[in-house]
Protein chains: 2
Amino acid sequence: MKRVTIHDIAKELNIAFSTVARALNDHPAISEATKKAVRETAKRLNYRQNKLASSLRSGHTNTIGIMVPSLDVSFFSSVVHGIEKIMNANGYSILLYQSNEQYKSEKNGIETFLNSRVAGIIASVAKETTKFDHFLEIKKRSIPLLFFDRAVDELKVPSVTTDDYKGGFIATEHLIKQGYKRIVHITSGKNIGIFNERLRGYIDALKLYNIPVDESLILNGDFSLEFGRQCIVDLRQLQIKYDAVFALEDYTAMGVLQQLLTYKVRVPDEVGVIGFANEAFTALVTPGLSTIDQQTTQMGESSAELFLEMLKSEDLYNNLPERVVLDPHLIVRSSSQRLSAF
Amino acid sequence: MKRVTIHDIAKELNIAFSTVARALNDHPAISEATKKAVRETAKRLNYRQNKLASSLRSGHTNTIGIMVPSLDVSFFSSVVHGIEKIMNANGYSILLYQSNEQYKSEKNGIETFLNSRVAGIIASVAKETTKFDHFLEIKKRSIPLLFFDRAVDELKVPSVTTDDYKGGFIATEHLIKQGYKRIVHITSGKNIGIFNERLRGYIDALKLYNIPVDESLILNGDFSLEFGRQCIVDLRQLQIKYDAVFALEDYTAMGVLQQLLTYKVRVPDEVGVIGFANEAFTALVTPGLSTIDQQTTQMGESSAELFLEMLKSEDLYNNLPERVVLDPHLIVRSSSQRLSAF
DNA sequence: TTGAAAGCGCTAACAA
DNA sequence: TTGTTAGCGCTTTCAA
């Protein structure tokens, strides 16, 4: 199939190729008659605009880059789902990259984005990343950059995040109100402060309710289902007493839950459990896993909308970056709802 | 930040810009000394190749389009995860589109892919799609097209799918071997034959074990958690007796499970349940949901690998399309494992 | 080993 | 309302 260009259409109609271009772009100066003829011929010849040429010449693309750690985490795929939907509806295409939590991969992806002359980049930072030169370069080139969830504060870039402090607070407060006294918190030093915020919320909630902060109840490490199980095993081995666990995210909480069930510990009667993120599975497991909803739909939509504004704005990085902070919602399910509370 | 081009580098070094281009592309005819100088200057000036220009001139991109129904379904996001990983490692970028199960959206996406001059397209067809003109055009343009999971047989295009017939068969056989006699199957006329294959497997398994095929036990409709619940409600209303349900996919099976639990029906003692797809949540719910694993990782990798071959091949659509059919694996969990079987 | 020159398909300024 | 022309940044042929 031979490539059809505007020149072919022009030849067919005996008009200038620039007229064809204008007609196809619905330029106001072109007569309806010409437009009609052009469109018909285009259709007949099966013409397709070459976006490469158009973008090269005009100097802008309608492609945006999205960088996420992994689509295998439903939180991210869900946000990407939302972003794609809206950007798509606004005429943008999505170039997708997964960092798989690696700095190197993230950097490569960003470079490809830049080489592809994307109109902007939306990113959530990899677990491993501690240097931000690649993100800085985006900014230097005045290309819109927006972080969601895992943002880098020091870069002074717009972001859409959850109020993690509040999330940590309300999760802990909920456990306290259910009568739990010795609340374990699993946290991780990794990753851009969001886990620190959740930890801060946990501590402040305890303080507010005059519950002493016991360092032995704060477990610092990784996050994964496996790590959650391990925490429960460790607590037992160390003979540390506790009656609730607030895990930094749902997979870890699920590991906690599973290991507790393995030990025949009654949840929520003996030990209450709450996670963070409202992953799809939390509503489906038994007992249902209490969690903090991060409004992934809202996050995707807000990200896309804020980003659309950025794409329009002129002096992008001159005024202070806009920070959208979404309200976390407490989702109470069986894993933390003591019957005695009624 | 001014855009740096090969001309700037050439000026800086007092050589021809075409020499710079060759040096950057590691052309064998260029001396090491020149290459070194060019690379250094490029780095110093913060040069980035403009892929648009390069692709426009050379006539090929290293971008491929991936079209999926929705990233909110873990099966798809997981396969995309796998494809992206491998294509990425092979120097390809991913343009992503979600059809959200709509024909119109799918068609639009494919058009954008074509306009963007993607090197090839990997797709899984939308629920709603019954006309395939958009896919046909890809083929007409001799652009590599590969289907995964939801393929369109009549288009004679390479595909990577699960052996759905076998999946349906082993799911049903498993239920039979667990002693279930009146096995409901929920199916859907929608979607490219895969559900028909599962249905065929179901029927043949029943026949093999001399269990009469009862039309009243075959429920044809949609697929969703809600629909699964509805089926159980309907069966009760119609007073149809059954002791097991094989649902066409996991969300539907989950709906079945939930509604059975709502009715206080004991699973798996009174009724056994099995789904299809091995969605992430199936391992985490209680009782664990038996299912058929479709090897998403394998599917992603196989798709990417087969696709890489297609990208290299010359006479793409002249020989018969390669069809990779992956073996489904039976995953037995509590929802279909009768204690009495031990 | 390097340079000169053409041109990929389009947009947009200028001219008619 | 339409045509002419230049040129986006690169690849690639031909010549030196």
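Note: hydrogens, waters and symmetry copies are ignored here, and every other heavy atom, side chains too, is used. Since we're looking at a predicted model, the values are computed, not measured.
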Does [X] come within less than 4.0 Å of [Y], counting only side-chain N to carboxylate O?
X: A:Glu101; Y: A:Arg150; result: yes
X: B:Asp133; Y: B:Lys107; result: yes
X: A:Arg141; Y: A:Glu137; result: yes

- prompt: Side chains of B:Glu12 and B:Thr41: donor-acceptor distance under 3.5 Å anywhere?
  reply: no

Please check if any side-chain donor atom of A:Glu84 sits under 3.5 Å from a side-chain acceptor atom of B:Gln98, or the reverse. yes

Salt bridge (Lys or Arg N to Asp or Glu O under 4.0 Å) pairs touching residues 108-120 of chain A, sequence neighbours excluded, are A:Glu111-B:Arg48

One would report the end-axis bend of the helix from C:dT1-D:dA16 to C:dA16-D:dT1, five pairs per end and rounded to 10 degrees, as 30°

Find the distance between NZ (A:Lys104) and OG (A:Ser99) and round it off to the nearest 0.5 Å.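 A:Lys104 atom NZ to A:Ser99 atom OG measures 13.5 Å (nearest 0.5 Å).
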
Polar atom pairs (N or O), protein with nucleotides 8-10 of chain D, under 3.5 Å:
unit_1 : atom_1 : unit_2  : atom_2 : d
D:dC8  : O2     : A:Arg57 : N      : 3.4
D:dG9  : N2     : B:Ala53 : O      : 3.4
D:dC10 : OP1    : B:Tyr47 : OH     : 2.5
D:dC10 : OP1    : B:Asn50 : N      : 3.2
D:dC10 : OP2    : B:Ile6  : N      : 2.9

Nt span of DNA chain C in reach of chain B heavy atoms at under 4.0 Å, 5' end first, is C:dT1 to C:dG9

Residue pairs passing the side chain to side chain donor-acceptor pair (under 3.5 Å) test with at least one member in residues 20-36 of chain B, sequence neighbours excluded, are B:Asp26-B:Lys35, B:Ser31-B:Thr34

Pairwise side chain to side chain donor-acceptor pair (under 3.5 Å) hits with a residue in residues 49-59 of chain B, at least two apart: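 Sorted result for residues 49-59 of chain B: empty, none.
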
### Query
Is B:Lys139 positioned over the aromatic face of B:Tyr317, cation under 6.0 angstrom from the ring centre and no more than 45 degrees off axis?
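Yes, B:Lys139 and B:Tyr317 form such a contact.
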
message = For D:dT1, does the base pair up with any side-chain atom of A:Ser31 as donor and acceptor (N or O, under 3.5 Å, distance only)?
response =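 Flag unset: no donor-acceptor pair detected.
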
Check: Is any side-chain N or O of A:Ser18 closer than 4.0 Å to OP1 or OP2 of D:dT2?
Finding: no

